Amino acid sequence: MTDSVVSYRRDGNVGVITTNNPPVNALSHAVRAGILAALDDAEADGAAEAIVIACERRTFHAGADISEFGKPPQHPFLGEVIDRLEKCPKPVVAALHGTALGGGLEIALGCHYRVAVPSAQVGLPEVSLGIIPGAGGTQRLPRLIGVAAALDVIIGGKRLTAAAACDLGVIDAVVDAPLTDAAIAYATDLVAAGKGPRPIGAQTVSGNEADIEEARKRHARRYRGFNAPFRAIDAVEASLRTPLDKGLVLERELFEACNATVEARALQYAFFAQRQAAKIKDLPKETEPRAVDHAGVIGGGTMGRGIAMVFADAGLPVTLLEISTEARDATLDAIAKSYDGMVSRGRLSRDVADERLSRISGATDYADLANADLVVEAVFEEMDIKKDVIAKLDATLGTDTLIATNTSYLDVNALASASTHPERVLGMHFFSPANVMKLLEVVRADTTSHTALATVMPLAKKLGKIPVVSGVCHGFIGNRMLQVYQREANRLLQEGATITQIDKAIYDFGLPMGPFAVRDLAGIDVGWRMRKAFGIGRAQDARYSAVPDLLCERDQFGQKTGIGFYVYEDGRKATGENPLVAELAAAEAKELGIAQRNIDDGEVVERCIYAMINEGANLLDEGIAQRPSDIDIVWLNGYGFPAYRGGPMFYADTIGLDPLVKHLHGLAEAHGSEWTPAPLLARLASDDHPLTSLNR
């Protein structure tokens, strides 16, 4: 049988079914139907004693066809294809390369044997999309490797290397290329040895109810607020209690229930949003990026050290410049200790840590950065200091070398003006700790060239970061929205809510920490120094809360001083609220003529989150953010917005823009003009269009 997507041929006594559906051999309707037709041919071929399932191009079936998401399913369903494979009277061997994920691995589990090249990866990542494996993954994998191991793979969404998958028993052998030839040889040997079909569905599950309960307890905190991980546990539990056919029915019911949730829509939205964020709308396609083979970092503080490690971890040599020999040596020693800590915690091997450390060299002279293709300055957050650094770089570096500023708030247009070649200057706002956090705000100054942007965006991916482009404004995307979020938390405190109540309400909404706990962790003085530098206070905001500033004036900076909004034991564990906070808030309320009152948790969440949504809409209207999904990616990856809510802009659509705008009008009447609905929100609500329609 020959088909444009799936073909059948015979090699000796082995029938070979091959899919060619570029780019990733997704399991589209045509592929599913093609496999069944080819299987008919293979079963009818009397000379074929075994069958190999293989794929051309770069990967085995990488999973479902994303173009079919949200559309009515068509027969044959994937489960039908897998059932046919498992019931085939001839032994079936899956030949795996590339990434056999989701439905791709489920296809392989329907086969009787599995071989893979060393570079192959397998996994069931469905939980990360708000669903569970729906074509037998939760029923066959426990039968193959046991309940505990299967739960780790399914709930963690782990990608297993071929070697790890072989050790677990997911695949039977790691073979050398050419893969199809090796799989045919493996199938030939099976026939010679008299080995027939070996359906996983007929195997007994290894495990017990204790494994199920342990998984529920272990994942309760990590997946707080999520649905899919716990439905996956329910499905795996069914593999213990029921035969395959009944387990498959329950799995499918759970899959459909998960697929109908907001969580599934949110996580699938975020999946596509992350891909889209890397695309710059007005970047000409012909723009060529520059090669970045060597990086420089200026400043050996916490951020500078972390940024240097980011480059080293990605395989790039990096030169870290400090102001003195002593500072340089102390910085390199601190980096070495960071790697030592990773080794002691089992996160890195000693050899890998030493290799990464060897890529970092120290320097004290700007001339030592001459070989760098990109230099990131990470000095103190002060305009004059950063301008001076950029001017010195400008005088030292070749004109092709890019200059990036790691700033959280400063005007990148003003910083770029310190260079005689402002087109090569842009912002790279890493989030702390830089070598851990995935988000990178790429700040585009008015003068930033297309070449600079085309270079940094793919570089960010190489560095393991998720880049989002922002225009220039105070705080860019994330911190500008953070300011209004914190503003409302401060005002709620003025009006009578307690810091514990506010933090708990936000935690219950899904963020990992409330606004006051976060500030204590980061250091209340960070925002205080920024506000002093920019002259932010009562003159700009009649309701400005000075409570955080008053704490800082008493050297109460949070965890690092043992007291801030909370009091800490050993500098880490909060033992209760700082009583001074309520006292200061009450005094401030009296001064401003605000009557304190009882505030319910719903109001806390609405005011903190709705303020962010409104400010996000303003960012879109001003052109600071390219699209709503970019804002969501910033908040999902930089600030801990609950992934199952999709980000603040996606969450706005789940509320509904018309009721949201009406609520904002009510808040404006009660609390001031800052709550006036963003013009963009009002327009979209009037036209009955969701915010996320702007992503298209």
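None of the values given here were measured: they were computed from a predicted structure.
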Any heavy-atom pair between the side chains of [Y] and [X] that's under 4.5 Å?
X: N435; Y: M342; answer: yes
X: V376; Y: F311; answer: yes
X: M481; Y: Y639; answer: no
X: V518; Y: Y485; answer: no

Check your understanding: Could you give all pairs that pass the side-chain hydrogen bond (donor to acceptor under 3.5 Å, both in side chains) test and reach residues 222-231, with sequence neighbours left out?
Key ->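 Those involving residues 222-231 are R224-Y507, N227-R231, R231-D234.
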Point to revise | Straight-line distance of T161 OG1 to Q121 CD, nearest 0.5 Å | key: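 Output value for this atom pair is 7.5 Å.
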Practice item. Rounded to the nearest 0.5 Å, what's the gap from OG1 on T364 to CD on E326? Could you check? Key: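 Interatomic distance, T364 OG1 to E326 CD, rounded to 0.5 Å: 9.5 Å.
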Review point. Who are the ring-ring contact (aromatic ring centres under 6.0 Å, His included) partners of F509, not counting sequence neighbours?
Key: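 With sequence neighbours excluded, F509 shows a ring-ring contact (aromatic ring centres under 6.0 Å, His included) to F641, Y651, given in chain and number order.
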Check your understanding: Does F565 have any ring-ring contact (aromatic ring centres under 6.0 Å, His included) partners at least two apart in sequence or in another chain, and if so, which?
Key ->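 Counting only residues at least two positions away or on another chain, F565 forms a ring-ring contact (aromatic ring centres under 6.0 Å, His included) with F516.
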Looking at residues at least two apart in the chain, or sitting in another chain, which of them share a salt bridge (Lys or Arg N to Asp or Glu O under 4.0 Å) with [X]?
X: D549; result: R531
X: D368; result: none
X: K504; result: D508
X: D340; result: R350

Side-chain H-bond candidate by donor/acceptor type, [X] with [Y], under 3.5 Å:
X: H294; Y: T319; answer: yes
X: S470; Y: E441; answer: no
X: Y566; Y: D503; answer: yes

**Study point:** Pairwise salt bridge (charged side-chain N to carboxylate O under 4.0 Å, His left out) hits with a residue in residues 143-169, at least two apart
**Key:**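 Listed once each, the pairs are D152-R218.
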Review point. Are any of the side-chain nitrogens in E214 or K217 under 4.0 Å away from the carboxylate oxygens of its partner?
Key: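 Salt bridge absent between E214 and K217.
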**Study point:** Salt-bridge contact D525-K560 (side-chain N to carboxylate O under 4.0 Å)
**Key:**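 Result for this pair is yes, salt bridge flagged.
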Exercise for review: Using atom types as modelled and distance alone, determine if a side-chain donor or acceptor of E263 lies under 3.5 Å from a backbone N or O of A228.
Suggested key: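 Here the side-chain-to-backbone pair exists.
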Point to revise | Partner set under side chain to side chain contact (heavy atoms under 4.5 Å, CB included) for A149, not counting sequence neighbours | key: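 Per chain and number, A149 pairs via side chain to side chain contact (heavy atoms under 4.5 Å, CB included) with I145, L168.
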Point to revise | side chain to side chain contact (heavy atoms under 4.5 Å, CB included) involving A327 - partner list, sequence neighbours excluded | key: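 Per chain and number, A327 pairs via side chain to side chain contact (heavy atoms under 4.5 Å, CB included) with E322, I323, S324.
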Practice item. For K386, check side chain to side chain donor-acceptor pair (under 3.5 Å) against everything at least two apart and list the hits. Key: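 So K386 forms a side chain to side chain donor-acceptor pair (under 3.5 Å) with E377.
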**Study point:** Partner residues of S408 under the side chain to side chain donor-acceptor pair (under 3.5 Å) criterion, sequence neighbours left out
**Key:**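 Side chain to side chain donor-acceptor pair (under 3.5 Å) check on S408 returns H429.
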Practice item. May I ask you to decide if the ring planes of Y269 and F650 are parallel, tilted or perpendicular, using 30° and 60° as cut-offs? Key: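 Rings of Y269 and F650: tilted, as their planes differ by 30° to 60°.
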